[in-house]
Engineer: 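I'd like to ask you about the structure that follows.
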Amino acid sequence: MPEPLDSPDHLENLQTKTVDRITVSAALLHDDEARRHFGADLGSQGVQALWLRVRNATDRRYWFVRNTVDPDLYSADETALLARGDLRGEDFEALQQHLRDESIRVLMEPGHVTQGFLFLPREEGGRYVEVRLASDAYEAQQRAVATLEPSPENVQAGDAMNPGPPPRAQFRELRLGFALTLPDGDFDYERLDTTLTYAGQSLPDLDLDDLRAELERLPCCATNADGDTDGDPLNVVLIGDAHDIMVALSRAGWSFTHRITLASVTRMIGASLQGEGYPVAPVSSLYAFGRKQDIALQRARANIAQRNHMRLWLAPFTLEGRDVWVGQVSRDIGVKVTTKSPSLTTHIIDPEVDLTREYLLHSLLAEGYAAGFGFAAGSRAATPEEPAVNLVEDPYFSDGLRLVVMVASEPVPYEEVVGLLWEQSDAPVAEGQSEAASRNVFPISSEGLP
């Protein structure tokens, strides 16, 4: 039987934001919380319950655009069928009605609080949730008509019966984003506490010129635990506090990762052998600033052998009061057996690491979370003809620059993004092409066009 939650306000990952007199609260239920609240095991069926509350203190009606949260969301009846299990007829009908009654409505009336659940495909570790509210079209049109007054000239001319095209309605859209974590005890972010990383130390606070100089002085690459062998290049720098970094990256499709444990390595090997996905698979340890990465994220794909992944270290300096994260990003394109890894297997990286660096930049720009960006020297330069190698002897080539991104706390339009005019990066893709590829780029005039 269901045991409804005493108060969703006490859920551990609850977040609340207010924009223009509309307050939205959001939280993800753990599987056991959903089981108690609904009386059905939603988690085992791959369903995740998202609780939402919308306090609309405006005088406008808003529509909740549900599919922007997840286009593959489940309806109440669909969820009931998935969770039916061994339920008998009456119990199933009760569950079905309970899920319907607990679903959040789509229309947000003015001066009202509307709350309830959305049922989403289950994601481990948490997810980014964007709540998008659009003003009511009919109401907006009525407001526009009410502001239109016929002119005396038109009335005298007999045009009152033919006033012309209707006035344009002034629509409004609000977007509120939440990075909701759902820890299970095995995620690396659960142990992240930036206040402890350099506890007791006074970190230098740099301006932009000093930051550029410091980045150019940093080691080119991450290393092994002993610090005596270079690994993958340190080719990315993100500026922002941990919360902003996690919001921006999760909004851009990057997910959290499990720590390396016996269970996670076993699961990873099994997924690799079966050609399956493991969207929160662990990332092996590399070292910088005398320690392994503070946090890792990945842009997973259907097959565990293929993913973009990134390691980040909190740097021992800040930029104008903001945290600086130095990292390494690359793309996994396969798996190989090696004695150089404790698990005896490792991913093969795409040798064109600058293309993955560009992928990270574009993923942040696409979602508006890059307030500014540029490139600084300091990473390792190498060519396809004379590539560098990482710790497991995968070759790579690069222009040797580091992508620097000032991460925005709220989305920024592309036309407002600031450019750091430090270094000009090479154009990825072209870096790895031979002279034969030049036939695919040619002047317009060569087509015989005017």
Engineer: For the residue pair Tyr369 and Tyr128, categorise the inter-ring angle as parallel (less than 30°), tilted (30 to 60°) or perpendicular (more than 60°).
Structural biologist: perpendicular
Engineer: Is Arg55 atom CZ crowded by more than 12 heavy atoms from other residues, nucleotides or ligands, each under 6.0 Å away?
Structural biologist: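 Counting neighbours around CZ of Arg55, 12 or fewer heavy atoms of other residues, nucleotides or ligands fall under 6.0 Å, so no.
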Engineer: Do side-chain atoms of His112 reach the backbone of Val54 as a donor and acceptor pair under 3.5 angstrom?
Structural biologist: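 No; judged by distance alone, with no hydrogens or angles, the pair does not exist.
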Engineer: Can you check whether Val19's main-chain N or O pairs, donor with acceptor, with Thr23's side chain at less than 3.5 Å?
Structural biologist: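 Looks like no, no N/O pair under 3.5 Å.
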Engineer: Under 3.5 Å, is there a donor-acceptor pair linking the side chains of Arg100 and Ser75?
Structural biologist: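 Not at all, the side chains of Arg100 and Ser75 share no donor-acceptor pair under 3.5 Å.
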Engineer: Do Leu14 and Trp51 have side-chain heavy atoms sitting under 4.5 Å apart?
Structural biologist: yes
Engineer: Minimum heavy-atom separation for Ile245 to Gly240, with atom names?
Structural biologist: CG1-O, 3.7 Å
Engineer: Without swapping roles, check the side chain of Trp325 against the backbone of Ala315 for a donor-acceptor pair under 3.5 Å.
Structural biologist: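 It does not hold such a pair.
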Engineer: Atom CZ of residue position Arg105 - does it have more than 12 heavy atoms of other residues, nucleotides or ligands inside 6.0 Å?
Structural biologist: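 Check fails, neighbour count at 12 or below.
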Engineer: When you compare the side chain of Asn56 with that of Arg21, does any pair of heavy atoms fall below 4.5 Å?
Structural biologist: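 Arg21 vs Asn56: side chains apart.
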Engineer: Check this for me, if you would: do Arg175 and Glu410 make a salt bridge, where the nitrogen-to-carboxylate-oxygen distance has to be below 4.0 angstrom?
Structural biologist: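 No.
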Engineer: Does atom NZ (Lys17) have a neighbourhood of more than 12 heavy atoms from anything else shown, all under 6.0 Å?
Structural biologist: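 Counting neighbours around NZ of Lys17, more than 12 heavy atoms of other residues, nucleotides or ligands fall under 6.0 Å, so yes.
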Engineer: Give a yes or no answer on whether the side chain of Trp254 reaches the backbone of Ser363 with a donor-acceptor pair at less than 3.5 Å.
Structural biologist: no
Engineer: Taking atom OG1 of Thr195 and atom CG of Leu192, what is their separation to the nearest 0.5 Å?
Structural biologist: 9.5 Å
Engineer: One pair to check against side-chain contact (heavy atoms from CB on, under 4.5 Å): Glu12 and His30. What are the steps and the verdict?
Structural biologist: CA-CA 10 Å; Glu12 66 178 81; His30 291 276; 3.2 Å; yes
Engineer: What distance separates Asp332 CG from Asp350 CG, expressed to the nearest 0.5 Å?
Structural biologist: 9.5 Å
Engineer: Shortest non-hydrogen contact from Pro121 to Asp70?
Structural biologist: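 So the two residues come closest at CD-OD2, 3.7 Å.
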Engineer: Please check if the side chain of Asp207 supplies one atom and the backbone of Asp210 the other of a donor-acceptor pair under 3.5 Å.
Structural biologist: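 Yes, because the side chain of Asp207 sits within donor-acceptor range (under 3.5 Å) of the backbone of Asp210.
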Engineer: Checking Arg132 against Leu174 for the side-chain contact (heavy atoms from CB on, under 4.5 Å) test, could you report, in this order, the C-alpha distance in whole Å, the side-chain angles of both residues, the deciding distance, and whether it holds?
Structural biologist: CA-CA 6 Å; Arg132 191 177 299 185; Leu174 301 179; over 6 Å; no
Engineer: Please check if the number of heavy atoms outside Glu90 that lie under 6.0 Å from its CD is greater than 12.
Structural biologist: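 No - once you tally the heavy atoms of other residues, nucleotides and ligands closer than 6.0 Å, there are 12 at most.
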Engineer: Output, in order, the C-alpha distance, side-chain angles, deciding distance and verdict of side-chain contact (heavy atoms from CB on, under 4.5 Å) for Met406 and Phe373.
Structural biologist: CA-CA 6 Å; Met406 297 178 178; Phe373 73 94; over 6 Å; no
Engineer: Checking side-chain polar atoms at under 3.5 Å, does Arg122 have a donor or acceptor matched by the opposite partner on Gln48?
Structural biologist: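 Arg122 vs Gln48: no donor-acceptor pair found between side chains.
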Engineer: When you check the side-chain N and O atoms of Ser379 and Asn235, is any donor under 3.5 Å from an acceptor?
Structural biologist: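 Looking only at side-chain atoms, Asn235 and Ser379 do not form any donor-acceptor pair under 3.5 Å.
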Engineer: Kindly indicate whether the side chain of Asp136, heavy atoms from C-beta on, has any atom under 4.5 Å from the side chain of Arg60.
Structural biologist: no
Engineer: Scan for ring-ring contact (aromatic ring centres under 6.0 Å, His included) pairs involving residues 405-426, sequence neighbours excluded, and state none if there are none.
Structural biologist: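 Applying ring-ring contact (aromatic ring centres under 6.0 Å, His included) to every pair that reaches into residues 405-426, excluding sequence neighbours, yields nothing.
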Engineer: Using side-chain heavy atoms (C-beta onward) and a distance below 4.5 Å, is Leu42 in contact with Arg35?
Structural biologist: no
Engineer: Salt bridge check, Arg191 against Asp294: does any charged N sit closer than 4.0 Å to a carboxylate O?
Structural biologist: no
Engineer: Ignoring hydrogens and geometry, is there a side-chain-to-backbone donor-acceptor pair from Gln293 to Leu286 under 3.5 Å?
Structural biologist: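 Judged by distance alone, yes, a pair lies under 3.5 Å.
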Engineer: Identify the two heavy atoms, one from Ala76 and one from Ser103, that lie closest to each other, and give their separation to 0.1 Å.
Structural biologist: CB-OG, 3.7 Å
Engineer: Looking only at atom types and distance, does a side-chain atom of Arg331 sit under 3.5 Å from a main-chain N or O of Ile349, one as donor and one as acceptor?
Structural biologist: no
Engineer: Nearest 0.5 Å please: distance from the CD atom of Glu352 over to the OH atom of Tyr396.
Structural biologist: 14.0 Å
Engineer: Should the heavy atoms of other residues, nucleotides or ligands under 6.0 Å from NE2 of His362 be counted, would the total exceed 12?
Structural biologist: yes
Engineer: Would the distance check show the side chain of Arg127 and the main-chain N or O of Leu28 forming a donor-acceptor pair, the cut-off being under 3.5 Å?
Structural biologist: no
Engineer: Once rounded to the nearest 0.5 Å, what's the spacing between atom CG of Leu211 and atom CG of Leu420?
Structural biologist: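 Going from CG on Leu211 over to CG on Leu420, the span is 8.5 Å.
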Engineer: Take Ile239 and Val407, measure what side-chain contact (heavy atoms from CB on, under 4.5 Å) needs, and give me the verdict at the end.
Structural biologist: CA-CA 6 Å; Ile239 300 167; Val407 176; 5.9 Å; no
Engineer: Does Phe119 have any ring-ring contact (aromatic ring centres under 6.0 Å, His included) partners at least two apart in sequence or in another chain, and if so, which?
Structural biologist: Phe38
Engineer: Give the C-alpha distance, both sets of side-chain angles, the deciding distance and a yes or no for side chain to side chain donor-acceptor pair (under 3.5 Å) between Gln96 and Asp77.
Structural biologist: CA-CA 6 Å; Gln96 188 178 50; Asp77 283 41; 3.1 Å; yes
Engineer: Can you confirm whether the side chains of Thr318 and Glu320 place a donor and an acceptor under 3.5 Å from each other?
Structural biologist: no
Engineer: Using modelled atom types and a 3.5 Å cut-off, is there a donor and acceptor pairing between side-chain atoms of Tyr198 and backbone atoms of Leu314?
Structural biologist: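 Yes, the answer is positive, given that a donor and an acceptor are paired below the 3.5 Å cut-off.
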Engineer: Determine whether Gln328 and Val236 make a side-chain contact, defined as any pair of heavy atoms from C-beta on separated by less than 4.5 Å.
Structural biologist: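 Counting from C-beta outward, Gln328 and Val236 never come under 4.5 Å.
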Engineer: Test your reading of the model: is there a side-chain donor-acceptor pair from Asn13 to the backbone of Leu182, 3.5 Å cut-off?
Structural biologist: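 Not at all, since once roles are kept as given, no pair shorter than 3.5 Å links the two residues.
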Engineer: How many angstroms lie between CZ in Phe178 and CD in Glu130, if you round to the nearest 0.5 Å?
Structural biologist: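 If we round to the nearest 0.5 Å, Phe178:CZ and Glu130:CD are 10.0 Å apart.
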Engineer: Closest heavy-atom contact between Leu203 and Pro316?
Structural biologist: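 Of all heavy-atom pairs spanning Leu203 and Pro316, the closest is CD2-O, 3.7 Å.
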Engineer: Any side-chain heavy atom of Val405 sitting closer than 4.5 Å to one from Val237?
Structural biologist: no
Engineer: Check Ala377 against Leu401 and note the closest heavy-atom contact, atom names and distance.
Structural biologist: CA-CD2, 3.8 Å
Engineer: Taking all non-hydrogen atoms of both residues, which atom of Leu107 and which atom of Arg61 are closest, and how far apart?
Structural biologist: CD1-CB, 4.1 Å
Engineer: State whether the number of non-hydrogen atoms from other residues, nucleotides or ligands found under 6.0 Å of Leu196 atom CG is greater than 12.
Structural biologist: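 Yes.
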Engineer: Heavy atoms, side chains only, cut-off 4.5 Å: are Tyr62 and Arg172 in contact?
Structural biologist: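 Yes, close enough: below the 4.5 Å cut-off.
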Engineer: Is Asp354 salt-bridged to Arg357, going by a charged N under 4.0 Å from an acidic O?
Structural biologist: yes
Engineer: To the nearest 0.5 Å, tell me how far Ser250 OG sits from Glu123 CD.
Structural biologist: 10.0 Å
Engineer: Tell me, do Arg84 and Gln45 make a side-chain contact under 4.5 Å, heavy atoms counted?
Structural biologist: no
